[in-house]
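Read the structure below first, then the notes.
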Amino acid sequence: AQTVTQSQPEMSVQEAETVTLSCTYDTSENNYYLFWYKQPPSRQMILVIRQEAYKQQNATENRFSVNFQKAAKSFSLKISDSQLGDTAMYFCAFMKPYYGGSQGNLIFGKGTKLSVKP
Amino acid sequence: ETGVTQSPTHLIKTRGQQVTLRCSSQSGHNTVSWYQQALGQGPQFIFQYYREEENGRGNFPPRFSGLQFPNYSSELNVNALELDDSALYLCASSSSQAGETLNTEAFFGQGTRLTVV
């Protein structure tokens, strides 16, 4: 069974600075997907960034980038130029591809509460 | 806004009662997944519906059941409610095609906060 571990329950960062959130996972699969989701107080899960395991290049989305280390089973999220609106819970998630015509389910970590301070 | 709507937003039920939660998926999406998020935890997969059939289930007892309708909206039913069922229930919709190793983004609704007293 796959597991996802986020070892930082809470983190804080000053506005405009950079912060890195950690995530490790355990799987015997070779092909899979990794995600970072943001959950603000509005409760709606929002996809921040996605990484396919077969791609060696780290994914980037504007101020968000990942450091994907497949051998170490590590998937950290770096937020540059932090903004007050980045304050939220951040969840790392794993998904195994499902070839039966539907999407596989997401396996989430317990989350990291990020506070961006002015 | 993702186009995924859940109702109701909040609900209080008594232990032993039954509850139905509803999810309207985003237009064009044929797959709906349900997750339970207990306070301070990450979401846990309950089950998934694809083209009106259950297509995968997490470690939840049979008193958690669901339906998907021809318009791909979905219901989550929980019978014999227990105090531990108190949680945020999230619905996520996505689009899949048979035979493809498709991985599209799952769009989440804002959830239903269920409190069992």
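Model, not experiment: these values are computed from the prediction.
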[atom1] ([X]) with more than 12 external heavy atoms under 6.0 Å:
X     : atom1 : value
A:K78 : NZ    : no
B:R15 : CZ    : no
B:N71 : CG    : yes
B:L39 : CG    : no

Please say yes or no: joined through hydrophobic side-chain contacts below 4.5 Å, possibly via intermediate residues, are [X] and [Y] part of one cluster?
X      : Y     : answer
A:F75  : A:Y90 : yes
B:V116 : B:F64 : yes
B:V32  : B:L67 : no
B:F107 : B:L21 : no
B:L90  : A:M89 : yes

Chain B contact via A:Q39 - which portion, at a heavy-atom distance below 4.5 Å
side chain

Would you name the heavy atoms of B:L88 and A:R43 that are closest together and state the gap between them?
CD1-NE, 3.6 Å

Close side-chain approach of B:P43 and A:Y37, heavy atoms under 4.5 Å
no

For B:Q44, is it the side chain, the backbone, both, or neither that has a heavy atom closer than 4.5 Å to a heavy atom of chain A?
neither

Please classify the contact of B:F47 with chain A as side chain, backbone, both or neither, using a heavy-atom distance under 4.5 Å.
neither

Within residues 107-118 of chain A, residues adjacent to chain B where the heavy-atom gap is under 4.5 Å:
A:F108, A:G109, A:K110

Rounded to the nearest 0.5 Å, how far does CD1 of B:I46 lie from CG of A:N105?
11.5 Å

Distance check, rounded to the nearest 0.5 Å: B:F108 atom CZ versus A:I46 atom CD1?
11.0 Å

